[in-house]
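Worksheet: one structure, shown below.
Since this is a predicted model, take the numbers as computed values, not measurements.
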Amino acid sequence: MRALRTDGDAFVGALSVVAEVEGTVVGHALLTRIRIEAADGAVHESLALAPVAVRPDRQRQGIGSELIRRALERAAALGFSSVVVLGHAAYYPRFGFRRASEWGIRAPFPVPDEAFMAVELTDGGLSAVSGTVVYPKAFDAV
């Protein structure tokens, strides 16, 4: 996590969302800059949602959902057009995520198709985007 926060190219402070209850941090979500590189050399900026974490004793109370909603709202307000996530196929669609393969977007490593998802934050935000996600080197330390 520290590596992501100190990566000046990837970290966007406004996209680090924290949930507190009575002054205690109980959850966190982070959106980090990534690239999607097409076979023709085109590069598109996007964001990755990772990590999303909620203290075990505070799970199943809607905190994680609220963190994700706020992070996506902030990203849209800052002008980002899309987000990718590697996660539970039954959980993330409630936030608008769909299989990234629908846009021709692939993970840089083998993952189940249904678990690698993307969402458009703007209408057509992924309409001209395809290729392989390139994560910042800081993800190697996570």
Side-chain angles (χ1 to χ4, degrees), residues 1-21 24-142:
M1 181 68 148
R2 180 169 293 154
L4 289 172
R5 288 185 166 284
T6 58
D7 185 328
D9 294 328
F11 182 72
V12 180
L15 299 178
S16 177
V17 184
V18 174
E20 291 184 23
V21 174
T24 300
V25 173
V26 297
H28 178 248
L30 180 64
L31 292 170
T32 307
R33 281 189 182 104
I34 59 164
R35 297 185 327 270
I36 301 170
E37 294 184 356
D40 66 2
V43 176
H44 306 277
E45 184 178 57
S46 186
L47 296 167
L49 173 58
V52 176
V54 177
R55 274 183 27 178
D57 63 323
R58 294 294 184 160
Q59 292 176 358
R60 301 201 178 278
Q61 298 175 19
I63 294 169
S65 292
E66 186 62 22
L67 286 167
I68 293 168
R69 278 191 209 93
R70 287 191 184 187
L72 296 176
E73 288 169 4
R74 287 183 185 183
L78 289 173
F80 290 95
S81 60
S82 64
V83 176
V84 300
V85 68
L86 174 59
H88 296 285
Y91 182 73
Y92 289 97
R94 71 182 75 180
F95 307 103
F97 285 90
R98 302 184 342 231
R99 292 176 187 219
S101 62
E102 293 180 27
W103 292 281
I105 298 169
R106 297 171 305 282
F109 39 74
V111 297
D113 186 55
E114 66 276 4
F116 194 66
M117 296 167 271
V119 64
E120 294 178 311
L121 300 178
T122 59
D123 288 337
L126 289 170
S127 63
V129 177
S130 66
T132 302
V133 168
V134 177
Y135 290 98
K137 293 282 185 220
F139 268 83
D140 295 343
V142 176

Next item on the list: Would you name the heavy atoms of A75 and L15 that are closest together and state the gap between them?
Entry: N-CD2, 3.5 Å
Checklist line | Nearest heavy atoms of D113 and S101, plus distance in Å | finding: OD1-OG, 2.8 Å
Margin query: If I take atom OG1 from residue T132 and atom CZ from residue R35, how far apart are they, to the nearest 0.5 angstrom?
Written below: 11.5 Å
Could you list the donor-acceptor pairs under 3.5 angstrom formed between side-chain atoms of residues 49-59 and any protein atom two or more places apart in sequence or on another chain?
| unit_1 | atom_1 | unit_2 | atom_2 | d |
| --- | --- | --- | --- | --- |
| R55 | NE | D57 | OD1 | 2.9 |
| R55 | NH2 | D57 | OD1 | 3.1 |
| R55 | NH2 | D57 | OD2 | 2.6 |
| Q59 | NE2 | V54 | O | 2.8 |

Check: Can you tell me how far the CG atom of L86 sits from the CZ atom of F116, to the nearest 0.5 Å?
Finding: 7.0 Å
Next item on the list: Taking atom types as modelled, find out whether T122 and S81 have a side-chain donor-acceptor pair closer than 3.5 angstrom.
Entry: no
Next item on the list: Rounded to the nearest 0.5 Å, what's the gap from CD1 on I63 to NE2 on H28? Could you check?
Entry: 14.0 Å
Item checked: Exercise: identify the closest heavy-atom pair between R99 and E114 -> NH2-CB, 3.5 Å
Notebook entry, point to check: What's the shortest heavy-atom distance between G64 and Y91, and which atoms?
Noted result: C-OH, 3.7 Å
Margin query: Is it true that, when you exclude D40 itself, more than 12 heavy atoms of the residues, nucleotides or ligands shown sit nearer than 6.0 Å to its CG?
Written below: yes
Notebook entry, point to check: Any side-chain heavy-atom pair from L72 and F80 closer than 4.5 angstrom?
Noted result: no
Check: What do you reckon, is CZ of R94 surrounded by more than 12 foreign heavy atoms closer than 6.0 Å?
Finding: yes
Next item on the list: With side chain to side chain contact (heavy atoms under 4.5 Å, CB included) as the test, would you mind laying out the steps for V133 and I105 before giving the verdict?
Entry: CA-CA 7 Å; V133 168; I105 298 169; 3.8 Å; yes
Next item on the list: Please answer whether the main-chain N or O of A14 pairs with a side-chain N or O of R74 as donor and acceptor at a distance below 3.5 Å.
Entry: yes
Notebook entry, point to check: When the ring planes of Y92 and F97 are compared, do they come out parallel, tilted or perpendicular, using 30° and 60° as the limits?
Noted result: perpendicular
Next item on the list: With I34 as reference, evaluate S46, S82, P108 under the side chain to side chain contact (heavy atoms under 4.5 Å, CB included) test and give the passing residue.
Entry: S46
Next item on the list: Would you sort out whether R70 and E73 count as a salt bridge (charged side-chain N to carboxylate O under 4.0 Å, His left out), showing the intermediate values?
Entry: CA-CA 5 Å; R70 287 191 184 187; E73 288 169 4; 5.9 Å; no
Next item on the list: Taking all heavy atoms of V84 and all of A118, pick out the closest pair and write down the distance.
Entry: CG1-CB, 4.0 Å
Check: Where do R33 and P136 come nearest, in terms of heavy atoms and distance?
Finding: O-CG, 3.2 Å
Margin query: For a side chain to side chain contact (heavy atoms under 4.5 Å, CB included) check, start with the C-alpha distance between V83 and L121, then their side-chain angles and the critical distance, and finish with the verdict.
Written below: CA-CA 7 Å; V83 176; L121 300 178; 3.8 Å; yes
Check: Distance-only, no hydrogens or angles: does the E120 side chain make a donor-acceptor pair with backbone N or O of L126 under 3.5 Å?
Finding: yes
Checklist line | Interatomic spacing from CD in E37 to OG in S130 - rounded to 0.5 Å | finding: 12.0 Å
